S.K.: 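Pasting a structure here, questions to come.
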2 protein chains.
Amino acid sequence: MDTTQLLKGVLDLAVLAVVDGEDGYGYDIVRRLRDGGLSEVGDASVYGTLRRLYSAGALTSYVVPSEAGPHRKYYGITPTGHAQLKQQRDDWTSFATTVSALLQEVPA
Amino acid sequence: MDTTQLLKGVLDLAVLAVVDGEDGYGYDIVRRLRDGGLSEVGDASVYGTLRRLYSAGALTSYVVPSEAGPHRKYYGITPTGHAQLKQQRDDWTSFATTVSALLQEVPA
DNA sequence: GGACAGTAGTGTGCAATGCGCAGTACCGTG
DNA sequence: CACGGTACTGCGCATTGCACACTACTGTCC
């Protein structure tokens, strides 16, 4: 099965939600998402999303020089990002409700 | 707000679900989807989806000559389509559950 | 009778986005 | 000092929803 298409439009939301809990860096965020159930998410997708959200002003970033390994680019959420998270969470909720309702319209 | 991206991967499912209840033609299906809550769905998207599903063998089609207006191309679901519907419905349900859970991981 | 609105379907090109893959860089271990 | 693991970046691709333009048929109103 291919949940790729379902991810579209939700990855932003998922990333924001994860970062909203606690700042994180790319690799870590990928792990958190996978642990959270989005096991099929690709790392490149997450990095791309982080960059996009950063460009949009939804995230801040600061580099923490390596302690063991390469540097880590941490991301934190901005007020803009928080607003976006809230908005998209509402969108998602109402959308999910609508779709679920549509699916149940069929009794037999 | 823009639910465009959310629609991706769900339109197939929505169309299958609607047709599963009763055969329908493009214009009619668009109306049913909009009435069902997907108010922002574009007509071209639905026609495109119908063609795609038909090519994939998930739908049959038969033309009913006009009674009042141009001809109508009706679509019905095939066993293949039914299987796909079932599969995608499960995918959706589990995906929606996962995402909802992710979103609630953040208490504050 | 002819312009026009409404219904129904098709084709084209575009934009967004997730992904695979390759590449870079840094660390500790054998 | 080669190698595997961690961390990040860049490139090109495929899918898919959408706007827009176009065809075609019917009934209505002037």
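Residue numbers begin at 1 in each chain, while the letters A, B, ... track the order of the sequences. Quick caveat: nothing in here was measured; it's all calculated off a predicted structure.
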S.K.: Find the distance B:Y75:OH to C:dA8:P and express it as a whole number of Å.
M.R.: 14 Å
S.K.: Can you pull out every side chain to side chain donor-acceptor pair (under 3.5 Å) where at least one residue sits in residues 42-51 of chain A? Sequence neighbours excluded, please.
M.R.: none
S.K.: Would you mind listing every salt bridge (charged side-chain N to carboxylate O under 4.0 Å, His left out) that reaches into residues 6-19 of chain A, with sequence neighbours excluded?
M.R.: A:D12-A:R52
S.K.: Which residue pairs pass the ring-ring contact (aromatic ring centres under 6.0 Å, His included) test with at least one member in residues 5-36 of chain B, sequence neighbours excluded?
M.R.: B:Y25-B:Y74
S.K.: Report yes if the side chains of B:L103 and B:V99 come closer than 4.5 Å at any heavy-atom pair, otherwise no.
M.R.: yes
S.K.: Would you call A:D35-A:R31 a salt bridge at under 4.0 Å N-O?
M.R.: no
S.K.: Which whole-number value in Å describes the distance from A:L7 CG to D:dA14 C1'?
M.R.: 15 Å
S.K.: Okay, side chain of B:R34, backbone of B:V41: is any donor-acceptor separation there less than 3.5 Å?
M.R.: yes
S.K.: Which residues, if any, of residues 46-59 of chain B bring a heavy atom under 4.0 Å of DNA chain D?
M.R.: B:T49, B:R52
S.K.: Specify the separation, in whole Å, of atom OH of A:Y74 and atom P of D:dA7.
M.R.: 8 Å
S.K.: Are B:L11 and B:L33 packed together at the side-chain level, in the sense that at least one heavy-atom pair is separated by less than 4.5 angstrom?
M.R.: yes
S.K.: Between P on C:dA25 and OH on A:Y25, what's the gap in Å once rounded to a whole number?
M.R.: 21 Å
S.K.: Tell me: CG of A:L38 to C1' of C:dT17, nearest whole Å?
M.R.: 15 Å
S.K.: Which residue pairs pass the salt bridge (charged side-chain N to carboxylate O under 4.0 Å, His left out) test with at least one member in residues 76-87 of chain B, sequence neighbours excluded?
M.R.: none
S.K.: For D:dA7, does either OP1 or OP2 sit under 4.0 Å from a side-chain N or O belonging to A:R31?
M.R.: yes
S.K.: Would you say B:K73 reaches C:dT10's phosphate, i.e. side-chain N/O to OP1/OP2 under 4.0 Å?
M.R.: yes
S.K.: Under the side chain to side chain donor-acceptor pair (under 3.5 Å) definition, can you give me all pairs with a residue in residues 55-65 of chain A, not counting sequence neighbours?
M.R.: A:D23-A:Y62
S.K.: Kindly give the atom pairs (protein nitrogen or oxygen, nucleotide nitrogen or oxygen) under 3.5 Å for nucleotides 2-5 of chain D.
M.R.:
none

S.K.: State, yes or no, whether a side-chain contact exists between A:L16 and A:R89 at a heavy-atom distance under 4.5 Å.
M.R.: no
S.K.: At under 4.0 Å, does any side-chain N or O of B:S45 touch on OP1 or OP2 of D:dC18?
M.R.: yes
S.K.: Report, one pair per line, the protein and nucleotides 21-23 of chain C atoms (nitrogen or oxygen only) whose separation is under 3.5 Å.
M.R.:
none

S.K.: So, using side-chain hydrogen bond (donor to acceptor under 3.5 Å, both in side chains) as the criterion, who are the partners of A:T4 when residues are at least two apart?
M.R.: A:D2
S.K.: Rounded to whole angstroms, how far apart are CZ on B:R72 and C1' on C:dT10?
M.R.: 18 Å
S.K.: For the residue pair B:H71 and B:V64, establish whether any side-chain heavy-atom pair is separated by less than 4.5 Å.
M.R.: no
S.K.: Measure from CG on B:L6 to C1' on D:dC18 and round the result to the nearest Å.
M.R.: 15 Å
S.K.: Side chain of A:Q5 only, please: which of C:dC19, D:dT15, C:dG9 is the nearest?
M.R.: D:dT15
S.K.: Provide, to the nearest angstrom, the distance between the NZ atom belonging to B:K8 and the C1' atom belonging to C:dG18.
M.R.: 10 Å
S.K.: Listed by chain and number, what are the ring pair (Phe, Tyr, Trp, His ring centres under 6.0 Å) partners of B:Y54, not counting sequence neighbours?
M.R.: none
S.K.: If you fit an axis to the five pairs at each end of the helix from C:dG1-D:dC30 to C:dG30-D:dC1, how big is the angle between those two axes, to 10 degrees?
M.R.: 10°
S.K.: Would you check if A:Y75 and A:L53 make a side-chain contact, meaning some heavy-atom pair closer than 4.5 Å?
M.R.: no
